[in-house]
Amino acid sequence: MDPATPGRTITEKIIAAHTADGRARAGDIVTVRPDVVLLNDVSGPLAFEQFEAMGAQRPFDPARIVLVADHFAPAPDITAAGAIAMTRDFARRHAIPHFYEPGRGGIEHTLLAELGLVGHGAIVFGADSHTCTAGAFNALGIGFGSTDLAGALAMGQLWMRVPDSIRVTLSGAPGPYVTGKDVILELIRRLGSDGAADASLEFGGPGLAALSMDARMAIANMAVEAGADTCVFEGDGLSQEDMARRGAPAAPAALADADARYRQVIALDLTALSPMVARPPSPADGVPVSALRGEKVDQVYVGNCANGTLTDLRQVAHMLRGRKIAPGVRMVVVPATQKIWRAALAEGLLDVIAEAGAAISTPTCGACFGGHMGILAAGETAIATTNRNYRGRMGHPDSRVFLASAYVAAAAAVAGVIVPPEDVAPVQEDAA
Amino acid sequence: MSTDIEGIVHRFGDEVNTDVILPGRYLSLRTPEELGRHCLEGLDPSFVTRVRPGDILAVGRNFGCGSSREHAVIALKAAGVAAIVAHSAARIFFRNAVNLGLPVLLCPEAADALEPGSPARITLASLQIAQGTRLWHASPLGDEVRAILAAGGLVPRVRIALGA
């Protein structure tokens, strides 16, 4: 532990392993070769046009490109159908095996993990800001725009600044009805919407053991809402098992050196957390759910790349079992992938959810980004498990979105107003 | 990079995210003409009627945060915005802007002091922002960013690299 050359963060190690000379220290400008390049039906078509404009003949490595029709999918109109057709055509022309559309795919970030395409130490470049979801798997997911990813398609590499690292040390274990969503809403509240700018959030500590892979994905997904460039969880036995289960190539976990240098260290006690809700129009405006008790909702939306997992659907079914959605409230539930949809069907979750009066959608980004499948009218209020509640995010500029876990969202569906989940389903031993 | 920009200043606050710059419902559009019509519609639907080619935005903290949608930069450019003077800008937005040749100058003092409705002038080579008798210097740009802007964006830069 030479003080002149301090140890390295997880982020520095993973990036260094993807540069030509193995050099990557926070603040360095480096050229990085990713393992996977990910595009969707919104970012892809713009990138394909730029790829052509660059004079590129063929992508760097078709096997490492993943194209997912998930935003306007299934296509709600002719323009969207054209964008998906462009994406399908790019895949066909360049013999890209990983092209997914409704019925065989799902929401890109959840799908990428499910396909075993991301694991310990990997780097994903995605033309979507929530590419940081890959951090759950001890990988670095880094979001870019379409022209950058056109460059990545053409060259197999991009320049970037190696982020500083902010260490988040987790301890304790979450209590009943406390989820990954509550962990990240609390962290974003503390950091603010740009508190992690130019940084990678590195999650570790003894509390990690209490977080499932789905909980870790929910946390990683919203790192960008604190302004982070990316994020990464320490790899552990659970992530190792998860990789094996999904068929991801075995790779050692990337871990930080004991004397790694951090811009900031945040201690977060999971035991002390309560269910959180982020008030519009900022994901950083989190408050305990009890502070919003009685806030009326028109629509409840469970889904998206943050919280459309089987864990989330189980939480919804837990709240809805034997109950009905309140009159005047509508609920839309969107499993994140086809595989999750089928697993929820097999477990009987979809029947519980449908019986309560919720609409169940095929996997899609849908209304999360204000695209389709559940847009809000002027004056309406939604509670959603999504990741952004900006003005007009899910529809009319004068609609509002509160962000919360699937437990809290489903509780609001039953009560018709925001309530702590235990008001709807008293805590039992198995509730958490 | 020495091109001067001269235009009227429009002011917006902190956290102007890409959803309000170009709402999600328009994301299946791709042409500048179509996207430009909806520029900043989520925040100020009258903006597109006021903005003129060459105009300058003076904005607060974390401009362009949120979605990576490059449509936001295309919309701003198509509406006529020629430069943005910001307290700070979100990483992906900043890269997108540079890649498409839209300069984003980081200068909190100028972003605060620029008078909306009045003309201002930007000299890119020296990163100078001027309005009336007042003059500010924006933070220096990194080598890679300067190289991309000098090439006229990432597309021509990659074209050269590929020898295409």
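The model shown is predicted, which means the values in this text are computed figures rather than measured ones. Order of the sequence lines fixes the chain letters, A, B, ..., with proteins taken first and strands second; residue numbering starts at 1 for each chain.
Between chain B and the options A/T79, A/D198, A/D148, A/V42, the largest number of non-hydrogen pairs under 4.5 Å is found for A/D148. Of the listed residues (A/A83, A/G143, A/G392), the greatest number of heavy-atom pairs within a distance under 4.5 Å of chain B belongs to A/G143. Note on A/V224, A/D128, A/D41: by heavy-atom pairs under 4.5 Å with chain B, the leading option is A/D128. When each of A/D229, A/D194, A/D77 is checked for heavy-atom pairs under 4.5 Å with chain B, A/D194 comes out on top. Comparing B/N96, B/V155, B/I92 by heavy-atom pairs within less than 4.5 Å of chain A, the highest count is held by B/V155. Put simply, of B/N17, B/L100, B/L43, the one with the most heavy-atom pairs under 4.5 Å next to chain A is B/N17. Heavy-atom pairs under 4.5 Å with chain B were tallied for A/S146, A/A75, A/P283; the largest tally goes to A/S146.
In this structure, A/F48 and A/F90 have parallel ring planes: the angle between them is below the 30° cut-off, well short of the 60° mark.
Proximity to chain B (any heavy atom under 4.5 Å) is shown, for A/A56, by both the backbone and the side chain. Residue contact with chain A, scored on non-hydrogen atoms closer than 4.5 Å, involves the side chain of B/V20 exclusively. Contacts of A/A80 with chain B are made by both backbone and side-chain atoms, with heavy-atom separations under 4.5 Å. A/R393 touches chain B through backbone and side chain together, each having a heavy atom under 4.5 Å away. Within the 4.5 angstrom heavy-atom criterion, only side-chain atoms of B/I74, from C-beta onward, approach chain A. Using a 4.5 Å cut-off between heavy atoms, A/M222 makes no contact with chain B at all. Using a 4.5 Å cut-off between heavy atoms, A/F72 contacts chain B through its side chain alone, with no backbone atom that close. Of the two parts of A/M155, only the side chain, counted from C-beta on, holds a non-hydrogen atom closer than 4.5 Å to a non-hydrogen atom of chain B. For a residue to count as touching a neighbouring chain, one of its non-hydrogen atoms must lie under 4.5 Å from one of that chain's; by this rule B/T18 does not touch chain A. Using a 4.5 Å cut-off between heavy atoms, A/E49 touches chain B through its side chain atoms alone. Interface remark: B/E41 contributes no atoms to any contact with chain A (heavy atom separation under 4.5 Å). When heavy atoms are compared at a cutoff of 4.5 Å, A/A53 approaches chain B by way of both its backbone and its side chain. For B/R69, the part lying near chain A is the side chain, with the backbone staying farther off; criterion is any non-hydrogen pair under 4.5 Å.
For the pair B/R91 and A/F144, the cation-pi test (distance below 6.0 Å, angle within 45°) is passed.
Side chain of B/S139 to main chain of B/L106: a donor-acceptor pair is present (N/O by atom type, distance under 3.5 Å, no hydrogens or angles). When atom types are taken as modelled, the side chain of B/R11 and the backbone of B/D112 share a donor-acceptor pair closer than 3.5 angstrom.
Scanning residues 45-65 of chain B against chain A with a 4.5 Å non-hydrogen threshold yields B/R61, B/N62, B/C65, sorted by number.
For the atom pair A/I107 CD1 and A/T133 OG1, the distance stands at 10.0 Å (nearest 0.5 Å).
No side-chain N or O of B/H87 forms a donor-acceptor pair with one of B/D14 less than 3.5 Å apart. No side-chain donor from either of A/T31 and A/Q157 sits under 3.5 Å from a side-chain acceptor of the other. No side-chain donor-acceptor contact under 3.5 Å links B/S68 and A/S129.
Salt-bridge formation is not detected for the pair B/R30/B/E70: no Lys NZ or Arg NE/NH1/NH2 atom is positioned less than 4.0 Å from an Asp or Glu carboxylate oxygen. We find that A/R25 and A/D28 are not joined by a salt bridge, their nearest charged nitrogen and carboxylate oxygen being 4.0 Å or further apart. At a threshold of 4.0 Å, the pair A/D398-A/R391 counts as salt-bridged, since one of the basic side-chain nitrogens sits closer than that to a carboxylate oxygen. Ion pairing of B/D4 with B/R121 is present here, as a side-chain N (NZ or NE/NH1/NH2) and a carboxylate O approach within less than 4.0 Å. One finds a salt bridge joining A/R161 and A/D164 here, because a Lys/Arg side-chain nitrogen approaches an Asp/Glu carboxylate oxygen to under 4.0 Å.
The minimum heavy-atom distance between A/N40 and A/A127, with the atom names listed, is ND2-O, 3.6 Å.
At most 12 heavy atoms of other shown residues, nucleotides or ligands fall within 6.0 angstrom of atom CD in A/Q57.
Considering A/T364, A/N387, A/T386 as possible partners of A/N304, the one that fulfils the side-chain hydrogen bond (donor to acceptor under 3.5 Å, both in side chains) test is A/N387.
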